Amino acid sequence: MPELPEVETIVRGLKARIIGWEVKEIIFLSNYLKNKYPENKKVLKHFRGKKVSAVSRRGKMIMVGLDGELHWLIHLKMTGQLYLARRNEPVDKHVHVRVIFKGQAEELRFRDVRKFGFWFCLKGPELKNKVCASLGPEPLALKYHDFVQLWQKYPARQAKSLLLDQKIIAGIGNIYSDEILFRAGIRPERRARTLKPEELRKIYFMMKQVLREAIAQKGSSISDYIDSYGERGEFQEKHRVYGKEGKRCQRCKRGFIRRQKIAGRSSYFCPVCQK
DNA sequence: AGCCCATCCTGTCCGC
DNA sequence: TGCGGACAGGATGGGC
């Protein structure tokens with residue numbers, strides 16, 4: 001499931017390659033994106049001949065800017081993939097969008113097995129701005145003081161649910177919230193109001209550290225995730241709790257990793273050293 | 001206010 | 001081996 005580090009890796013990879021590429025053709029291979037966003041078909045014609053001018057990320061959202069206020073707004077949700085492939089590479093039934101570029105041997109593909117993700121073609125910045133405005137701050141740019149204020153606003157909420165909430169902090173999902181809370185030594189169900197200042201500081205520090213390390217490792221590949229080059233990440237090797245139910249805790253060597261549904265998600269933690 | 005649950009979807013895995 | 005059900009989860013929306 002692509003979260004901030006995976007999306008960041010994809011964006012960096014695309015940025016290095018497709019800036020300046022001219023769109024020759026956009027091919028939608030399935031109808032589900034049209035149902036999610038009927039405008040997709042209507043504005044398609046405006047994209048021909050336009051050049052990619054920017055690739056960026058906001059939370060888990062990917063934004064590709066083209067000349068003349070045209071954008072692609074892409075969310076990979078759980079199983080979405082966005083990558084460059086050679087034109088002659090086979091297209092399977094889960095590829096929903098292909099973008100052919102003028103004079104380029106590679107095309108951009110959007111593939112999504114579960115069809116939760118989306119690819120919107122936008123003319124004008126309105127929807128993009130609206131979506132960005134609904135997201136909380138970027139965790140890697142967040143100052144400690146502002147982080148503390150956010151948590152003080154929701155004293156009754158569970159630590160995990162705050163980390164997962166895109167309106168509060170943008171980009172963290174189920175894997176990284178568990179890994180952050182493990183490294184901070186905090187149980188996912190702890191209420192914000194019960195956190196001592198030094199505990200909150202630990203969460204803040206580990207949030208930055210885990211996300212930075214994961215980006216350096218090009219994300220976590222649990223099942224479907226690949227980057228824009230079609231390559232897997234390495235950070236799953238550094239996971240301490242996620243998907244490790246029943247395994248001995250590598251930190252305290254006493255607890256066994258427990259799995260429990262918290263904040264509506266499978267959550268993994270060490271019952272001994274997470275307090 | 002905050003949590004839970006269902007929903008969207010399909011591949012995978014487990015038990016019978 | 002084969003079938004059916006549970007499960008995975010990002011975001012959203014409704015109910016309690």
Side-chain angles (χ1 to χ4, degrees), chain A residues 1-8 10-11 28-38 40 57-63 73-82 92-97 110-120 127-128 130-136 138-139 150-181 187-195 211 214 219-226 233 236 239 241-246 257-269:
Chain A
M1 322 111 234
E3 304 179 27
L4 187 153
E6 290 77 32
V7 175
E8 178 65 25
I10 290 170
V11 165
F28 278 77
L29 294 158
S30 53
N31 286 329
Y32 95 93
L33 286 170
K34 204 174 59 191
N35 298 336
K36 279 197 182 184
Y37 187 67
N40 266 344
R57 174 190 68 73
R58 186 69 178 81
K60 302 172 194 171
M61 197 77 66
I62 299 169
M63 292 165 299
L73 189 62
I74 301 159
H75 199 304
L76 303 173
K77 295 287 180 87
M78 263 100 64
T79 53
Q81 300 171 330
L82 189 64
D92 72 21
K93 62 174 175 174
H94 302 300
V95 175
H96 306 297
V97 184
F110 172 70
R111 183 175 181 273
D112 188 357
V113 170
R114 287 180 220 171
K115 300 183 185 175
F116 282 17
F118 59 75
W119 175 308
F120 294 168
L127 182 60
K128 180 175 88 82
K130 209 174 112 182
V131 165
C132 290
S134 72
L135 293 169
E138 285 293 322
L150 281 177
W151 285 61
Q152 285 171 344
K153 258 176 86 179
Y154 304 97
R157 286 184 58 173
Q158 296 175 321
K160 171 144 181 171
S161 113
L162 285 179
L163 286 175
L164 281 177
D165 192 329
Q166 303 302 300
K167 294 186 284 302
I168 294 170
I169 300 170
I172 298 169
N174 202 36
I175 295 175
Y176 292 102
S177 57
D178 280 2
E179 294 298 325
I180 290 165
L181 290 170
R187 293 252 191 142
E189 72 269 33
R190 280 282 294 281
R191 305 276 162 184
R193 78 161 76 84
T194 72
L195 294 167
L211 294 176
S220 306
S221 289
I222 293 293
S223 54
D224 302 84
Y225 170 70
I226 52 163
Q236 65 278 5
H239 289 180
V241 282
Y242 183 82
K244 306 214 177 287
E245 183 183 17
I257 304 307
R258 185 183 297 169
R259 178 166 79 162
Q260 199 178 312
K261 204 165 184 179
I262 298 162
R265 296 276 165 257
S266 274
S267 305
Y268 300 87
F269 61 95

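Lettering follows sequence order; numbering is per chain, from 1. Heavy atoms only: backbone and side chains are in, while hydrogens, waters and symmetry mates are out. Predicted model, so just to flag it, every value in this text is computed and none were measured.
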Sugar-phosphate only, base, or nothing, as touched by A:Lys160 at under 4.0 Å among non-hydrogen atoms: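 Result for A:Lys160 = nothing.
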Partner residues of A:Arg187 under the salt bridge (Lys or Arg N to Asp or Glu O under 4.0 Å) criterion, sequence neighbours left out: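 A:Arg187 satisfies salt bridge (Lys or Arg N to Asp or Glu O under 4.0 Å) with A:Glu189 once adjacent residues are dropped.
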Enumerate all atom pairs, one protein N or O and one N or O from nucleotides 2-4 of chain B, separated by less than 3.5 Å.
| residue | atom | partner | partner atom | Å |
| --- | --- | --- | --- | --- |
| B:dC3 | OP1 | A:Gln158 | N | 3.0 |
| B:dC3 | OP1 | A:Arg191 | NH1 | 3.2 |

By side-chain hydrogen bond (donor to acceptor under 3.5 Å, both in side chains) - contacts of A:Lys60 (at least two apart):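 In terms of side-chain hydrogen bond (donor to acceptor under 3.5 Å, both in side chains), with neighbours along the sequence ignored, A:Lys60 is linked to no residue.
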Qualifying residues under side-chain hydrogen bond (donor to acceptor under 3.5 Å, both in side chains), relative to A:Ser220, sequence neighbours excluded: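 Partners of A:Ser220 under the side-chain hydrogen bond (donor to acceptor under 3.5 Å, both in side chains) test: A:Tyr176, A:His239.
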Atom-to-atom span, NE2 of A:His96 to C1' of B:dC8 - whole angstrom: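 Value for this atom pair: 13 Å.
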Footprint string (nucleotides 9-16 of chain C, 5' to 3'): B base within contact, S backbone only, - free, heavy atoms under 4.0 Å: BBB-----
Nearest heavy-atom neighbours spanning A:Asp178 and A:Ser267: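 A:Asp178 and A:Ser267 have their closest heavy atoms at OD2-CA, 3.4 Å.
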Heavy-atom closest contact (A:Gln158 atom, A:Ile262 atom, distance):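 Between these two residues, the closest heavy atoms are OE1-CG2, 3.7 Å.
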Nearest-0.5 Å distance, OH of residue A:Tyr154 to CD1 of residue A:Ile168: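 CD1 of A:Ile168 is found 4.5 Å from OH of A:Tyr154.
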Would you say [X]'s side chain and [Y]'s backbone share a donor-acceptor pair under 3.5 angstrom?
X        : Y        : answer
A:Gln260 : A:Ser266 : no
A:Gln166 : A:Gly171 : yes
A:Thr79  : A:Arg114 : yes

Aromatic ring pairing A:Phe28/A:Trp119, orientation class (parallel under 30°, perpendicular over 60°, tilted between):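 Perpendicular, since the angle between the ring planes exceeds 60°.
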Axial bend angle, the helix from B:dG2-C:dC16 to B:dC16-C:dG2: five-pair end segments, nearest 10°: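 Its terminal axes enclose an angle near 60°.
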Under 4.0 angstrom between A:His94 side-chain N/O and B:dC9 OP1 or OP2: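 No, no such contact exists.
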